[in-house]
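Working notes for the structure below.
Along the sequence shown, residues are numbered consecutively beginning with 1.
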Amino acid sequence: IFVLEEKLIVMSLWIVVLLLVLVLCSGVEANTVWPMPQSTSTLNGEVTFSLDFVFSSSYSSSTYLAATRRYLNIMNRNFVAYGDITKCEVNIQSTDESLTLETDEAYNLTITATSVSIDAVTVYGAMYGMETLSQLVSVSGTTTRTIVDRPRFKFRATMIDTSRHFYPVVAIKMHIDAMAYAKMNVLHWHLVDSVSFPFESVTFPTLSETGAYAPTHVYTPNDVQEVIAYALSRGIRVIPEFDTPGHVFAGYLSIPDLLTPCYTDGKPDGTFGPLNPTLNSTYDFLTKFYAEVKGVFPDNFVHVGGDEVSFKCWQSNPQISAWMKDHPEVQTYAQLEQYYELKLLKILEAQKSSYICWQEIFDNGVKILPNTVIDVWKSGGWNDTMSRAVKAGYHTVLSAPFYLNYISYGQDWKNYYVVEPTAFDAPQSLKEKYVGGIEACMWSEYVDATNFIPRFWPRAAAVAERAWSAEDVNDADAATTRLHEFRCKLIQRGINAEPITDGGDSIYTGIPAFCEQEYTPVYQPPF
């Protein structure tokens with residue numbers, strides 16, 4: 001009898017545990033929002049959305065109509081027959097669809113028992129309202145509420161590197177969609193580097209002809225326009241990076257006298273260093289090349305790199321040494337770098353382009369132009385660099401704590417989530433004026449299309465919430481279930497985002513280890 005009672009007790013305990021897990025794991029794609037809105041007021045009601053739900057607006061443009069089609073396709077799996085809500089009224093004040101740092105991205109979303117409305121100044125704010133609504137709609141019902149939302153930072157970026165490994169256009173598009181779902185608005189495209197030059201230049205075709213890994217590993221003008229158009233239609237700017245005077249070799253060698261020949265024991269040793277900053281032909285090349293870049297990329301900004309410039313080759317070259325003797329105002333190689341950077345920035349200024357550069361230009365004391373944006377990427381002492389840059393009156397973007405190519409076992413997204421971008425010594429007024437935003441970077445030494453998306457997502461969503469939501473939204477443990485739910489929404493939408501929860505621990509933590517709809521790879525067996 002006692003043995004039977006013991007077995008019954010054990011069975012009862014297991015039933016309780018299983019029921020608890022079922023309760024906790026139900027609604028693993030619950031109607032929460034990522035990133036967290038600035039303000040949410042819940043109302044006392046719940047509604048469902050009808051199969052014939054539509055977006056209704058007096059505003060009409062190809063950008064707006066494409067957005068409504070996308071979000072109807074995303075939301076329709078959660079529509080029900082004879083639902084309470086049949087339309088969302090979208091009110092957009094401005095017809096200006098240009099995308100800049102000053103674009104108004106705020107929106108208000110109101111869900112009542114009888115109506116849904118989105119109010120925004122621009123179509124891009126309205127898109128963010130649609131994204132929030134799409135995350136809330138559920139077959140089981142959506143709580144009525146009012147959301148007043150806007151981004152904390154104007155610059156919410158990801159950086160992709162297509163030089164070390166080539167990404168097909170379809171992979172970049174998938175990433176752009178994930179960015180849009182996380183309300184990120186800038187794609188920093190590190191197109192080329194010393195190892196490959198996949199950008200097909202019409203002005204200098206030998207750059208990609210000799211510098212790409214293969215003829216198939218090239219972004220044609222049509223490819224680039226396809227990526228730009230895809231991003232802009234989702235409220236995302238595309239800022240290209242062509243890093244000079246360092247990080248150059250592949251492709252550049254096809255342009256005569258562009259690279260600096262290196263010397264050993266007074267003789268050319270067959271290697272090459274940075275661009276040669278002492279030749280007029282270098283600046284003729286840069287003028288023509290950046291004129292082409294400006295014609296291809298509509299954004300006013302270009303990233304000019306400027307990082308990790310080794311002076312060793314310049315020091316070894318007798319032609320450069322002779323030039324410096326003839327130019328006594330250039331006494332050091334740091335001043336030679338400054339000479340190069342100022343001439344490049346003046347070329348861009350004449351072409352009416354704005355520019356971002358990696359922090360070395362600032363660190364090395366280069367007297368850069370006052371409207372230069374400093375991209376702070378060095379993890380050691382980024383707080384000090386940010387402090388010095390804003391106190392010097394430079395606009396900044398913070399990348400240093402957000403290098404997603406560094407991976408570790410477990411929930412490393414929390415490392416990015418808890419970073420406070422303004423945690424440095426400077427008056428609040430300077431922080432508000434000069435901290436433009438943050439950037440999640442993925443360098444591709446060990447990344448290509450096979451692991452690009454799952455390594456980036458949903459870890460980048462942690463950075464996205466830091467960029468969008470209020471400063472005090474910073475509890476990683478509290479965010480875990482919401483991030484898991486956002487990951488499940490990415491899976492639903494075809495984004496193969498990796499898990500962020502411990503599948504072996506969910507029975508104890510109560511955080512689900514699965515999505516109702518799991519990602520299914522597309523595979524064609526060879527028979």
Side-chain angles (χ1 to χ4, degrees), residues 33-35 55 57 59-76 88 90 92 94-107 109 118 120-135 149-151 153-160 167-189 223-240 297-301 437 439-440 442 452-453 456-458 460-461 463-465 467-468 486 489-490 492-497:
V33 179
W34 193 282
F55 289 102
S57 182
Y59 189 94
S60 182
S61 73
S62 58
T63 302
Y64 169 77
L65 293 175
T68 61
R69 288 192 295 269
R70 283 198 308 276
Y71 281 105
L72 287 174
N73 285 335
I74 288 170
M75 295 163 62
N76 63 17
C88 172
V90 181
I92 300 171
S94 172
T95 58
D96 182 4
E97 293 191 357
S98 61
L99 267 177
T100 70
L101 279 174
E102 303 309 316
T103 298
D104 192 317
E105 299 172 304
Y107 69 91
L109 170 64
I118 294 172
V121 172
T122 68
V123 67
Y124 305 110
M127 274 189 211
Y128 291 136
M130 293 179 195
E131 174 57 40
T132 296
L133 180 62
S134 74
Q135 294 185 28
D149 203 9
R150 67 190 182 283
F153 293 114
K154 296 177 179 179
F155 193 101
R156 307 178 305 282
T158 68
M159 190 224 69
I160 63 172
Y167 299 167
V169 168
V170 66
I172 299 175
K173 285 183 171 181
M174 188 184 297
H175 175 68
I176 288 170
D177 277 327
M179 287 180 63
Y181 303 149
K183 299 187 176 76
M184 302 185 90
N185 68 350
V186 176
L187 177 66
H188 168 185
W189 190 355
D223 292 334
V224 173
Q225 289 308 310
E226 186 178 346
V227 169
I228 291 170
Y230 197 85
L232 289 178
S233 70
R234 287 152 176 79
I236 294 171
R237 301 159 56 201
V238 179
I239 296 178
F297 292 89
D299 200 272
N300 193 47
F301 275 86
E439 176 176 78
M442 180 65 73
F452 167 46
I453 295 298
F456 222 122
W457 299 98
V463 184
E465 184 149 289
W468 180 280
F486 181 70
K489 290 164 185 169
L490 292 178
Q492 285 180 2
R493 301 178 188 193
I495 308 294
N496 55 323

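- Interatomic distance, Tyr167 OH to Trp189 CH2, rounded to the nearest 0.5 Å: 12.0 Å.
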Q: Determine, stepwise, if the pair Glu105 / Arg156 fulfils salt bridge (charged side-chain N to carboxylate O under 4.0 Å, His left out).
A: CA-CA 12 Å; Glu105 299 172 304; Arg156 307 178 305 282; 2.9 Å; yes
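- In this model, no donor atom of one side chain and acceptor atom of the other lie less than 3.5 Å apart for Thr63 and Tyr124.
- What you find for Val186 and Met179 is that their closest heavy atoms are O-CE, 3.2 Å.
- For the residue pair Thr158 / Glu439, no side-chain donor-acceptor distance below 3.5 Å is found, with atom types taken as modelled.
- Across Ile118 and Gly129, no two heavy atoms sit closer than the pair CD1-C, 3.6 Å.
- With contacts defined as side-chain heavy-atom distances shorter than 4.5 Å, the pair Tyr230/Val169 does not qualify.
- Here Ala66 pairs with Arg69, Arg70 under the side chain to side chain contact (heavy atoms under 4.5 Å, CB included) rule; sequence neighbours left out.
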Q | side-chain hydrogen bond (donor to acceptor under 3.5 Å, both in side chains) assessment of Tyr107 paired with Thr132 | A | CA-CA 10 Å; Tyr107 69 91; Thr132 296; 2.6 Å; yes
Q: List the steps, then state whether side-chain contact (heavy atoms from CB on, under 4.5 Å) holds for Ile172 with Ile160.
A: CA-CA 9 Å; Ile172 299 175; Ile160 63 172; 4.1 Å; yes
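- Ser94 and Asp96 are not linked by any side-chain donor-acceptor pair at a separation below 3.5 angstrom, with hydrogens and angles left out of the test.
- Across all their heavy atoms, Met130 and Tyr71 have their closest contact at CB-CD1, 3.7 Å.
- Between Glu465 and Lys183, none of the side-chain N atoms (NZ, or NE/NH1/NH2) sits under 4.0 Å from a carboxylate O, so this pair counts as no salt bridge.
- Judged by distance alone, the side chain of Trp457 and the main-chain N or O of Ala178 form no donor-acceptor pair under 3.5 Å.
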Q: Please test Glu97 against Ser61 for side-chain hydrogen bond (donor to acceptor under 3.5 Å, both in side chains), starting from the C-alpha separation and ending with a verdict.
A: CA-CA 9 Å; Glu97 293 191 357; Ser61 73; 2.6 Å; yes
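- Ring geometry, His175 versus Phe452: the interplanar angle falls from 30° to 60°, so the pair is classed tilted.
- In terms of modelled atom types and a separation under 3.5 Å, the side chain of Asn185 and the main chain of Lys154 share a donor-acceptor contact.
- Side chains of Asp149 and Trp468: a donor on one and an acceptor on the other come within 3.5 Å.
- In this structure, Arg493 places its CZ atom where more than 12 heavy-atom neighbours from other residues, nucleotides or ligands lie under 6.0 Å away.
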Q: Dump the intermediate steps for side-chain contact (heavy atoms from CB on, under 4.5 Å) on Phe55 and Met75, then the final yes or no.
A: CA-CA 12 Å; Phe55 289 102; Met75 295 163 62; 4.0 Å; yes
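- Of all heavy-atom pairs between Ala464 and Ala182, the closest is CB-O, 3.5 Å.
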